[in-house]
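Shown next, in structure tokens, is the structure this report addresses.
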Protein chains: 2
Amino acid sequence: MREGKTRYVILGLLSERPMSGYMVKKLVDARFRFFWSESYGQLYPELKALLREGLVEIDDDAALRPEEPVPTPSTAGRRDRIAYRIAPAGREALRRWLDRPAERESVRFEILLKMYFAGQGDRKALQASLREFEAHYATERATLDRYQEELERIPDERGDHRDVLRVIDFGQKSYDAYLAWCRGTFAEWEGR
Amino acid sequence: MREGKTRYVILGLLSERPMSGYMVKKLVDARFRFFWSESYGQLYPELKALLREGLVEIDDDAALRPEEPVPTPSTAGRRDRIAYRIAPAGREALRRWLDRPAERESVRFEILLKMYFAGQGDRKALQASLREFEAHYATERATLDRYQEELERIPDERGDHRDVLRVIDFGQKSYDAYLAWCRGTFAEWEGR
DNA sequence: GGCGGCATGTAAGTTGTTACATGATTAA
DNA sequence: TTAATCATGTAACAACTTACATGCCGCC
């Protein structure tokens with residue numbers, strides 16, 4: 001039976017600093033975007049479950065001085081804001097998950113499905129999809145570069161920069177491969 | 001609202017030749033493995049729905065001479081075998097889907113999550129996962145080469161070889177990127 | 001006799017998305 | 001005043017996985 005990994009995403013981020021569910025979502029979107037995603041519909045119920053199981057705790061301190069745990073986005077205009085902090089049992093659970101072998105990755109590329117069956121449809125539509133695909137990954141590739149530069153500029157306080165840079169490198173390398181494939185495909189189509 | 005794509009996988013494969021649900025599954029596993037997956041639990045109910053909606057039909061001919069529509073696997077030892085054929089309405093639906101823009105791809109790499117949080121866990125476990133990752137994609141990469149060679153050897157009867165080769169090229173390029181990343185990561189770890 | 005592959009299916013459960021509801025604050 | 005962003009949450013649904021059940025055939 002597959003285990004949900006949402007909890008480990010939460011636990012992993014909380015292991016760095018206390019934060020709210022909203023902030024977990026923002027961080028997943030910002031940092032993990034190129035290899036992971038979570039929705040509020042998963043995050044908030046999972047946080048509740050984690051609290052019930054004693055893997056996380058409410059951090060009132062962080063809720064009172066919200067400027068500290070939240071670095072990037074502006075802290076203006078907030079509502080209730082519930083800050084969570086990882087509990088010892090949570091650290092334990094995170095460690096146990098990290099020590100288990102990683103499960104097989106899952107990918108789904110609709111555009112490849114469409115390219116495979118391209119003979120049955122209009123080539124114009126596929127071309128437009130591919131251009132959209134290329135533009136998207138070109139933008140994302142640039143975002144990764146900015147992320148890398150930022151990381152190399154700021155001091156490595158937790159000593160995790162090398163690991164994070166390896167993760168970023170994965171994104172850069174695979175996006176480069178996607179973009180090279182786009183160029184190759186357009187070239188092939190033109191010389192048809 | 002996201003639409004299920006299982007039906008278009010089925011319709012797309014049936015547009016090439018009539019076949020059974022079992023064969024659809026085998027073909028998805030063999031050809032689409034590196035960018036798509038389907039389970040029997042999706043395939044069989046979807047085939048029923050497609051039949052009910054008149055997008056596919058039962059092909060008794062193909063069921064009676066099963067050697068023809070099924071090229072690769074041996075046809076020995078079968079049970080009932082229900083062969084399906086695409087109906088005109090099915091071709092229409094397939095075409096309409098192909099003409100719509102492709103949705104954003106989804107990927108999920110647990111190993112990158114673990115690498116991001118590596119500082120909290122045992123490095124040995126991550127190393128083992130990465131070795132497993134590398135071995136897996138090295139094997140898959142070789143499979144893609146064999147697939148490509150096979151395709152280039154046989155005559156291009158439906159005129160779709162170029163599209164299929166583009167799809168294979170995507171797999172080759174991204175797997176090369178994964179493997180280069182593995183080598184880079186191991187190198188970084190050794191010189192630590 | 002048992003295993004593996006052929007072949008079809010279902011039930012139960014899990015996971016994940018989307019749309020919605022609420023409401024405060026700030027900037028244009 | 002309107003949109004955006006902050007912030008939390010739920011309900012309904014859709015998608016997907018897994019385990020199981022059934023049974024034939026051929027091979028070792």
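Letters go in sequence order (proteins before strands), and every chain restarts at 1. If you're wondering where the values come from, they're calculated on a predicted model, not measured in any experiment.
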Roughly, in whole Å, what's the span from CZ in A/R81 to P in D/dG9? 13 Å

Taking for B/R108 and for B/K48 the nucleotide of DNA chain C with the nearest heavy atom, the one nearer the 5' end belongs to B/K48

Starting at OH of B/Y44 and ending at P of D/dA19, how long is that distance when rounded to a whole Å? 18 Å

Distance, rounded to the nearest Å, where B/W36 contributes CH2 and D/dC16 contributes P: 7 Å

Within the 4.0 Å heavy-atom criterion, would you say A/G21 contacts the bases, only the backbone, or no part of the nucleic acid? sugar-phosphate

Would you say A/Q42 reaches C/dT17's phosphate, i.e. side-chain N/O to OP1/OP2 under 4.0 Å? yes

Here the distance between atom C1' of C/dA7 and atom CE of B/M19, to the nearest Å, is 15 Å

A/Y8 and B/F117: aromatic ring centres closer than 6.0 Å? no

Under 3.5 Å, which donor-acceptor pairs do the side chains of residues 177-186 of chain B form with other protein atoms, sequence neighbours left out?
residue, atom, partner, partner atom, Å
B/W181, NE1, A/R166, O, 2.8
B/T185, OG1, A/R166, NH1, 2.8
B/T185, OG1, B/W181, O, 2.7

Separation of B/E46 atom CD from C/dT8 atom C1', in whole Å? 16 Å

In whole angstrom, give the distance that lies between atom CG of B/L27 and atom P of C/dA7. 12 Å

Between C1' on C/dG16 and CD1 on A/I10, what's the gap in Å once rounded to a whole number? 14 Å

Tell me, please, which residues at least two apart from B/Q172 pass side chain to side chain donor-acceptor pair (under 3.5 Å). B/D145, B/Q148

Listed partners of A/D156 passing salt bridge (Lys or Arg N to Asp or Glu O under 4.0 Å), at least two apart: none

With sequence neighbours excluded, what pairs up with B/W36 under the ring-ring contact (aromatic ring centres under 6.0 Å, His included) test? none

Proximal nucleotide (of D/dC16, D/dA7, C/dA7) relative to the A/M23 side chain: D/dA7

Shortest side-chain distance from B/Y22, nucleotide among C/dT8, D/dA7, C/dT18: C/dT8

By ring-ring contact (aromatic ring centres under 6.0 Å, His included), which residues pair with B/Y44, not counting sequence neighbours? B/Y40

Could you tell me how far apart A/L47 (CG) and D/dA7 (C1') are, to the nearest whole angstrom? 13 Å

For the rings on B/F109 and A/F170, is their centre-to-centre separation under 6.0 Å? yes

Among the nucleotides C/dT18, C/dT8, D/dA7, which one has an atom lying closest to any side-chain atom of B/Y40? C/dT8

Per atom distances to the A/Y84 side chain, the nearest of C/dA7, C/dG9, D/dG9 is D/dG9

On the nucleotide D/dT17, are OP1 or OP2 found under 4.0 Å from the side-chain N or O atoms that B/S39 carries? yes

Need the bend value for the helix from C/dG1-D/dC28 to C/dA28-D/dT1: angle between end axes, 5 pairs each end, nearest 10°. 30°

At under 4.0 Å, does any side-chain N or O of B/S20 touch on OP1 or OP2 of C/dC6? no

